[in-house]
Amino acid sequence: MNKQTDKILQTASSTSLSTVVGGSDVICSLATQPGGAIGVIRVSGDEAIEITDKVFRSVRGRHLQNAKGNTLYYGEILDKEGKTIDDVLVSVFRAPHSYTGEDSTEISCHGSAYILNQVVKALIDAGCRQAQPGEYTQRAYLNGKMDLSQAEAVADLISASNRATHKVALSQLKGHFSSELSILREQLLKMTSLLELELDFSDHEELEFADRTELKALAETIHQKIKTLTDSFETGKALKKGVPVAIVGKTNVGKSTLLNCLLHEEKAIVSNIHGTTRDVIEDTTEIKGVTFRFIDTAGIRHTDDQIEKLGIERAYQKMDEAAIVLWVLDEQPTVEECAEMQSLTQGKHLITIFNKIDNKVVEPKLVGAGLHTVYISAKLKQNITALEEAIYDAADIPEINENSVIITSARHYEALTHADESILRVIEALEFGLSGDLVSEDLRICLYQLADITGGQITPHEVLGNIFKHFCIGK
């Protein structure tokens, strides 16, 4: 191990919990969305039960300090003057059997904003402080209730906007991604230990504990597994942000009408006047549990109108950014037009849409090989379901279930990319017969990058702060 890598590992592992979390403060905050019939206030910390007991009066005169874990009590919350704020139910959790791994209580109140604020105020008066965004989940991570990738999945689960992102977040929260990384790390540790054993007997050059052919085969297997994970990041981004779909074509072919059909609302202005859409109109909808981001663009034609020209330039830009392009036509295209569109959409999924079939006696035929064609009437909403099927198929989203492992975090992607670079150097070193200490060094770097994803070593304060600042207060 060189001095630089050694310093990195020692710094990461020596970061103390006290620098990351504010000691053993008892924290409280509203854990549910305001405006509901019921509100839940969460309290957590070493003296959470004792502080809650100060503001709680059981109808049976019982004290929470004597309560067993996973029990429920009915009573009243009192302000510092002893006046009743609300009738409540208090759930008691004893460490380590709580969300945070600390002693915790959850106070279920009526959902009035005034009542909830008064209960939080009573708790603060009794010795709590207001929780920071994500602090409960941060404490759960630091107390070993979940690893860092699972903690990040909590935020993804809360913000899940469709069935696919919900399944991916749930899979990560259940530890399936962590399990994949754990297997990789075990294989890497085996390789590292054998190589380092050789280093311990470096004065006996003839000793070789690690078969280089087996090591190379194992390194290549690890590389393929990491590559599969990194390749899934494009799918993960599409699931979180929505698959971008550009609707392009000449003016007045029905692009805006089609957008309204796909969104199931009147989003875009529809007119028979050419050049109505002069800017990009964008919105999302869900097809089979996957979010698609549809972008209606200005009609492509020659014009002297400067504003319309800007809209057409943006149309080409959005076409370049899209994963799927819907080319809307209302008449037979020329061979040159087909060739140009295929050239503009290389590497993308192109679906050609013949619109206004309700006005056609004879359906037009597409000129060009390998172009997917759908015939519709956006005005009468004819064949829109078939078009949605074609769009979903073009997105090429793999079958997703609760066991699927798909990378959705840029942080995870970056760490995996660096890990893969290290393992590729290992493969190269083994091919050229380099010394075991050089191979071992890259193996350690790969191990460190994988551990950084799950927080196998204590992650530096600024990294944790960046992760948890995006959480809502109360989680």
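Numbers here are sequence positions counted from 1. Keep in mind that the numbers below use all heavy atoms, side chains included, and drop hydrogens, waters and symmetry copies.
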Exercise for the section: Kindly indicate whether the side chain of Glu337, heavy atoms from C-beta on, has any atom under 4.5 Å from the side chain of Lys250. Expected result: yes
Handout entry: From Ser112 atom OG to Ile85 atom CD1, the distance as rounded to the nearest 0.5 Å
Key = 11.0 Å
Practice task
Taking the side chain as every heavy atom from C-beta outward, state whether Arg139 and Glu102 have any atom pair closer than 4.5 Å.
Solution key: yes
Practice task
Keeping the roles fixed (side chain from Asn162, backbone from Ala164), state whether a donor-acceptor pair exists under 3.5 Å.
Solution key: yes
Practice task
Would you mind reporting whether Leu30 and Val40 have side-chain heavy atoms less than 4.5 Å apart?
Solution key: no
Problem - Check against side chain to side chain contact (heavy atoms under 4.5 Å, CB included), Phe93 and Asn70 - result: CA-CA 5 Å; Phe93 304 94; Asn70 303 318; 3.4 Å; yes
Exercise for the section: Indicate whether any N or O donor in one side chain lies under 3.5 Å from an N or O acceptor in the other, for Thr373 and Thr352. Expected result: no
Problem - Pairs touching residues 224-257 that satisfy ring pair (Phe, Tyr, Trp, His ring centres under 6.0 Å), sequence neighbours left out - result: Phe233-Tyr413
Problem - 4.5 Å side-chain heavy-atom contact, Leu258 and Val328 - result: yes
Handout entry: Non-hydrogen side-chain atoms of Lys379 and Lys356 separated by less than 4.5 Å
Key = no
Exercise for the section: Using modelled atom types only, decide if a donor and an acceptor are shared between the side chain of Asp420 and the backbone of Leu416 within a distance under 3.5 Å. Expected result: no
Practice task
Please work out whether the ring planes of Phe177 and His412 are parallel, tilted or perpendicular, with thresholds of 30° and 60°.
Solution key: tilted
Practice task
Taking the side chain as every heavy atom from C-beta outward, state whether Trp327 and His372 have any pair of such atoms under 4.5 Å apart.
Solution key: no
Handout entry: Exam field: side chain Thr230 to backbone Lys227, donor-acceptor pair closer than 3.5 Å
Key = yes
Exercise for the section: Please round to the nearest 0.5 Å and tell me the distance separating atom OG of Ser377 and atom CG of Asp330. Expected result: 11.5 Å
Handout entry: Sub-4.5 Å side-chain heavy-atom contact between Val92 and Leu72
Key = no
Handout entry: Backbone of Leu443 reached by a side-chain donor or acceptor of Tyr448 within 3.5 Å
Key = no
Problem - Min side-chain heavy-atom separation Ser44-Val26 under 4.5 Å - result: no
